[in-house]
Amino acid sequence: MDGTPHGHLVRIVEYTVTIKTADGRTRTEPFRLVTTLLDHEQAPAAEIAAVYHERWEIENGYGELKTRLRGAAFILRSKLPELVCQELFALLAVYQALCTLKCEAALAVGIDPDRVSFTVTVRVARDHALSASAEPAQARRNAVRDILDDLLPRRRDRQCERVKKPAKNTFPTKKRDTAQPPPRPATRSNS
């Protein structure tokens, strides 16, 4: 061994978050993040902390892609691997176009894109694609306007304290008497 530690080199970012509770009080909670982004100039701690709180957006993206875009009854029709890939790339291209439209709508009025419903964006895009009577630039402006007519409410701040939840054991437990040792298995002698 050469004396160097094995494993991954990580950086720990510590910060606090101030939360306003439902009753109007405020409290601060400490956070500690572990990251493999080691260069503090390329990835400042404040930026890492801000991005961390957007971490669940990827889960929302998967949900949008898997259920709200393709629908519950969607089945890939291709039988060959290359064509399955082609279908998936097409689905991803449409998803990206819809996300771009969603962000364009949010940018137009200066709000967080989280306030724009993906489901509404899909519906509006379908409606405008079916009735493409206007020139493309005007159709896009109309779509943005229709998307903004149905915004989601601002997300509530988290109000529950971050605490470790007790384990839920759903199996009945039998309290064992620790004073007596467990029974020994019978042994056979060869005499």
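Distance check, rounded to the nearest 0.5 Å: CG of Leu37 to CD of Gln42 gives 8.5 Å. Interatomic distance, CD of Glu135 versus CZ of Arg140, reported as 12.0 Å (0.5 Å rounding). We find the CG-CG distance between Leu65 and Leu98 to be 10.5 Å, quoted to the nearest 0.5 Å. The structure places CG of Leu91 at 12.5 Å from NZ of Lys66, a figure rounded to the nearest 0.5 Å. Interatomic distance, OH of Tyr95 versus CZ of Arg68, reported as 9.0 Å (0.5 Å rounding). Here Thr16 contributes atom OG1 and Arg32 contributes atom CZ; the two are 12.5 Å apart, rounded to the nearest 0.5 Å.
A 4.5 Å side-chain heavy-atom check between Phe118 and Val122 finds at least one atom pair inside the cut-off. At least one side-chain heavy atom of Arg11 sits under 4.5 Å from a side-chain heavy atom of Ile48. Leu101 places none of its side-chain heavy atoms less than 4.5 Å from the side chain of Val116.
One hydrophobic cluster holds both Leu92 and Val94 under the rule that ILVMFWY side chains link at heavy-atom gaps under 4.5 Å. Hydrophobic clustering of Ile, Leu, Val, Met, Phe, Trp and Tyr side chains at less than 4.5 Å, counting indirect connections, unites Val13 with Tyr52.
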Which donor-acceptor pairs under 3.5 Å do the side chains of residues 80-90 make with protein atoms, sequence neighbours left out?
| unit_1 | atom_1 | unit_2 | atom_2 | d |
| --- | --- | --- | --- | --- |
| Glu87 | OE1 | Arg77 | N | 3.3 |
| Glu87 | OE2 | Arg77 | N | 3.2 |
| Glu87 | OE2 | Ser78 | N | 2.8 |
| Glu87 | OE2 | Ser78 | OG | 2.4 |

Per-pair distances, 0.1 Å, donor-acceptor, side chain in residues 143-153, under 3.5 Å, sequence neighbours excluded:
| unit_1 | atom_1 | unit_2 | atom_2 | d |
| --- | --- | --- | --- | --- |
| Arg145 | NH1 | Asn142 | OD1 | 3.2 |
| Asp146 | OD2 | His128 | NE2 | 2.7 |

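With Arg126 contributing its side chain and Arg123 its backbone, the two residues share no donor-acceptor pair below 3.5 Å.
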